[in-house]
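In what follows, every chain begins at residue 1, and chains take the letters A, B, ... in the order their sequences are listed.
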There are 2 protein chains.
Amino acid sequence: MGVIHRYKGQFEWEGVSLSHYPPEKEMKGVSVRWLIGPAEKAPNFALRYFEIEPGGWTSLDQHAHDHGVVILRGRGQVLLGEEEADWSNPVEVAFGDVVYISPHEVHQFKNTGDEPMGFLCVIPPR
Amino acid sequence: MGVIHRYKGQFEWEGVSLSHYPPEKEMKGVSVRWLIGPAEKAPNFALRYFEIEPGGWTSLDQHAHDHGVVILRGRGQVLLGEEEADWSNPVEVAFGDVVYISPHEVHQFKNTGDEPMGFLCVIPPR
């Protein structure tokens, strides 16, 4: 049966709690809320809401699964690279921008604004 | 390699065009924009932006794949049902609300407001 997570404002949802990353992940000021995933018994994908504090950044990641991202709040930069990180050519992103990160692509997000940077992120099931 | 679809405002994106439904689908005032899918060579999921005109509605659907929906614009109603449609108990939705539609669940969206109702919709790959 379907699930509704009603939006409470301020990027909070009913029935959705804040998840924390394991401390071994190297990142700064990043939180995640799982909107759709195992708790909703979703077999085919997961949808998360990430938020990065001003000055924060996600871990520099590279993995077999892809990401579908839509920026909902704030502004920042996305690093994309085939093989290694190149911060000399970041992509500036803000509300509404869509980023597709292919399998095995190097990627990192950085909040360069003065308010939280929030985005939806789709992944395949674990 | 990754793909960026920059948001142009007014729920339009660079590099994304409006798709039309085949006329045999019974719906009213519905448009769709594929933000991530086959064109982006995304193997694991697709992300679309749907918009329903005031007074419009999507087809009454039931299928094996699930949907992850986030309302971005306007307001409306969602019908959810295990076996058949029951419009006596619709769910009111507006900006930010998250709807997970399980596999095989009956579902329909209706714009009950006076502006376009827009939402993101995730599906598994075809």
Item to complete: Determine, using the 4.5 Å side-chain heavy-atom cutoff (strictly less than), whether A/V3 and B/V99 are members of one ILVMFWY cluster.
Response: no
Fill in: Under 4.5 Å from any heavy atom of chain B - which part of A/I71
neither
Fill in: Verify same cluster id: B/V78, B/V122 (apolar side-chain graph, 4.5 Å)
no
Fill in: Residue selection (most heavy-atom pairs with chain A, distance under 4.5 Å) from B/V93, B/L80, B/V91
B/V91
Fill in: Closest contact, heavy atoms only, B/P54 versus B/G113
CB-O, 3.6 Å
Practice prompt. Find the one option among B/G15, B/P125, B/P43, B/A46 whose heavy-atom pairs under 4.5 Å with chain A are most numerous.
Written response: B/P43
Item to complete: Answer with side chain, backbone, both or neither: which region of B/V70 has an atom nearer than 4.5 Å to a non-hydrogen atom of chain A?
Response: side chain
Could you list every donor-acceptor pair linking chain A to chain B (distance under 3.5 Å, backbone and side chains)?
| residue | atom | partner | partner atom | Å |
| --- | --- | --- | --- | --- |
| A/M1 | O | B/S102 | OG | 3.1 |
| A/G2 | N | B/E105 | OE1 | 2.9 |
| A/G2 | N | B/E105 | OE2 | 2.9 |
| A/V3 | N | B/Y100 | O | 3.0 |
| A/V3 | O | B/Y100 | N | 2.8 |
| A/H5 | N | B/V98 | O | 2.8 |
| A/H5 | O | B/V98 | N | 3.0 |
| A/R6 | NH1 | B/E92 | O | 2.7 |
| A/R6 | NH1 | B/D97 | OD2 | 3.0 |
| A/R6 | NH2 | B/E92 | O | 3.0 |
| A/Y7 | N | B/D97 | OD1 | 2.6 |
| A/W13 | NE1 | B/G96 | O | 2.6 |
| A/N44 | ND2 | B/D66 | OD1 | 2.9 |
| A/D66 | OD1 | B/N44 | ND2 | 2.9 |
| A/E92 | O | B/R6 | NH1 | 2.7 |
| A/E92 | O | B/R6 | NH2 | 3.0 |
| A/G96 | O | B/W13 | NE1 | 2.6 |
| A/D97 | OD1 | B/Y7 | N | 2.6 |
| A/D97 | OD2 | B/R6 | NH1 | 3.0 |
| A/V98 | N | B/H5 | O | 3.0 |
| A/V98 | O | B/H5 | N | 2.8 |
| A/Y100 | N | B/V3 | O | 2.8 |
| A/Y100 | O | B/V3 | N | 2.9 |
| A/S102 | OG | B/M1 | O | 3.1 |
| A/E105 | OE1 | B/G2 | N | 2.9 |
| A/E105 | OE2 | B/G2 | N | 2.9 |

Worksheet item: Where does B/I36 contact chain A at under 4.5 Å (heavy atoms): side chain, backbone, both or neither?
Response: side chain
Practice prompt. Indicate the atoms forming the closest heavy-atom contact of A/P103 with A/A64, along with that distance.
Written response: CB-O, 3.1 Å
Practice prompt. Determine, using the 4.5 Å side-chain heavy-atom cutoff (strictly less than), whether A/F95 and A/L120 are members of one ILVMFWY cluster.
Written response: yes
Worksheet item: Do A/V32 and A/I123 belong to the same hydrophobic cluster, where Ile, Leu, Val, Met, Phe, Trp and Tyr are linked whenever their side-chain heavy atoms lie under 4.5 Å apart, directly or via other members?
Response: yes
Practice prompt. Could you pull out all residues at least two apart from B/F119 that satisfy ring-ring contact (aromatic ring centres under 6.0 Å, His included)?
Written response: B/F50, B/F109
Practice prompt. Measure the shortest side-chain to side-chain distance between A/I4 and B/V98 over non-hydrogen atoms and say whether it is less than 4.5 angstrom.
Written response: no
Worksheet, complete the sentence: Greatest number of non-hydrogen atom pairs under 4.5 angstrom with chain A, of B/L47, B/I101, B/L35, falls to B/L35
Worksheet item: Under 4.5 Å between side-chain heavy atoms, hopping through other hydrophobics if needed: is there a path connecting B/L72 to B/V69?
Response: no
